[in-house]
Protein chains: 2
Amino acid sequence: MTDHQGISDLLQERGIQPSAQRVAIARHVLRTDGHPTADEVLAQVRRSFPMVSRATVYNTLKLFVAKGLLRTCQFEGGVTVYDANVGRHHHFIDAATGEIHDVPWEALDVRGAEELAGFQVDSWMVVMRGRRRDDPGA
Amino acid sequence: MTDHQGISDLLQERGIQPSAQRVAIARHVLRTDGHPTADEVLAQVRRSFPMVSRATVYNTLKLFVAKGLLRTCQFEGGVTVYDANVGRHHHFIDAATGEIHDVPWEALDVRGAEELAGFQVDSWMVVMRGRRRDDPGA
DNA sequence: GTGATAACCTAGACTTGGTCCAGACATGGA
DNA sequence: TCCATGTCTGGACCAAGTCTAGGTTATCAC
């Protein structure tokens, strides 16, 4: 799914014309389970595609979000990061490093969000902060 | 608690020298249950204190955060907003207006956050999105 | 192949949220 | 009063993100 042809097909499925730039951006942003910023994507893509412009990266990321391939998140520092995991999940933010980790939806049990008085709740997520435990036994 | 003397005392309790500017900023930012941005605070404070500078507002808000009088949040749009409610609570974001509403801690029941494998979770909150219901009967 | 059209990309100017800094001003002891 | 310290101002600066004009490329009818 991350080879050139596969990505090209995926973009076309979503109604996106698979230009060389878009495929290059998609390779970097859809293949990671990290949460890169637009500038990180730009830097990565430029290694294999030096002429790509900043505007193209921003436009393409926006397009991918509009087409449901990506979602954006804002946490610490006010920078927008992109998340290729578009299914329901929660987030854990490492207070020491700022790293963002996805937490599976089933790992937590949230009750009461749907029947909140005065609000029609369409979606929700839990945002946790703390430290990552680096005991390898876990 | 929002009159001049009370605010002055509150600042001093927290080890903050209560200058005229700081009291003016505190009056606007601690008396609201909204979630103003720094620029909104600046605009408000300037109505009663036209000479206040942007740097002072930013510095003062940072100081209040450091002293535990305020907390910051980042949601949509990547702007930092300030929240005078520093106790535990959740957030609801109105998808139509972008407004942020505080949701009481007890309104939701979250299980599993404390014993998350691989992470030491220090704090968490639920971020909900949807529409505000404007039925007055609720 | 050729030309028209639309889609796409680039570079750079611009906007906005936020920080930094030098100098001015206030305040509180000795 | 003088000095030291803390605070405030205005403006320069920076970084993330957007906008725009013009150039390239792809598509398609002829």
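Between A:Tyr58 and D:dT18 there is no side-chain polar atom (N or O) within less than 4.0 angstrom of OP1 or OP2. Under 4.0 angstrom from either OP1 or OP2 of D:dG17 there lies no side-chain N or O belonging to A:Lys62.
Scanning DNA chain C 5' to 3' for nucleotides with an atom closer than 4.0 angstrom to a non-hydrogen atom of chain B gives a first and last hit of C:dG17 to C:dC20.
Listed by first and then second residue, the side-chain hydrogen bond (donor to acceptor under 3.5 Å, both in side chains) pairs involving residues 45-55 of chain B are B:Ser53-B:Thr56 (not counting sequence neighbours). Applying the side-chain hydrogen bond (donor to acceptor under 3.5 Å, both in side chains) test to every pair with at least one member in residues 6-18 of chain A, sequence neighbours left out, gives these pairs: A:Gln5-A:Asp9.
A:Asp109 pairs by the side chain to side chain donor-acceptor pair (under 3.5 Å) definition with A:Arg111, not counting sequence neighbours. For A:Arg22, there are no salt bridge (charged side-chain N to carboxylate O under 4.0 Å, His left out) partners, not counting sequence neighbours. Qualifying side-chain contact (heavy atoms from CB on, under 4.5 Å) partners for A:Asp94, counting only residues two or more places apart in sequence or in other chains: A:Phe92, A:Ala96, A:Thr97, A:Glu99, A:Arg132.
Residues B:Arg133 and A:Phe119 share a closest heavy-atom pair of NH1-O, 3.1 Å.
In this structure, B:Ile100 belongs to a hydrophobic cluster whose other members, linked by side-chain heavy atoms under 4.5 Å apart, are A:Phe75, A:Val81, A:Ile93, A:Ile100, A:Met125, A:Val127, B:Phe75, B:Val81, B:Ile93, B:Met125, B:Val127.
Between the C1' atom of D:dA15 and the CG atom of A:Leu42 lies a distance of 13 Å, rounded to the nearest Å.
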Scan the side chains in residues 62-71 of chain A for donor-acceptor partners under 3.5 Å anywhere in the protein, sequence neighbours excluded, and list what turns up.
| from | atom 1 | to | atom 2 | distance (Å) |
| --- | --- | --- | --- | --- |
| A:Arg71 | NH2 | A:Val86 | O | 3.1 |
| A:Arg71 | NH2 | A:Gly87 | O | 3.1 |

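Residue contacts for A:Thr37: at a heavy-atom cut-off of 4.0 Å it reaches no nucleic acid atom on any strand shown.
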With B for base contact, S for sugar-phosphate-only contact and - for none (protein heavy atoms under 4.0 Å), nucleotides 5-13 of chain D reads --SSBB---

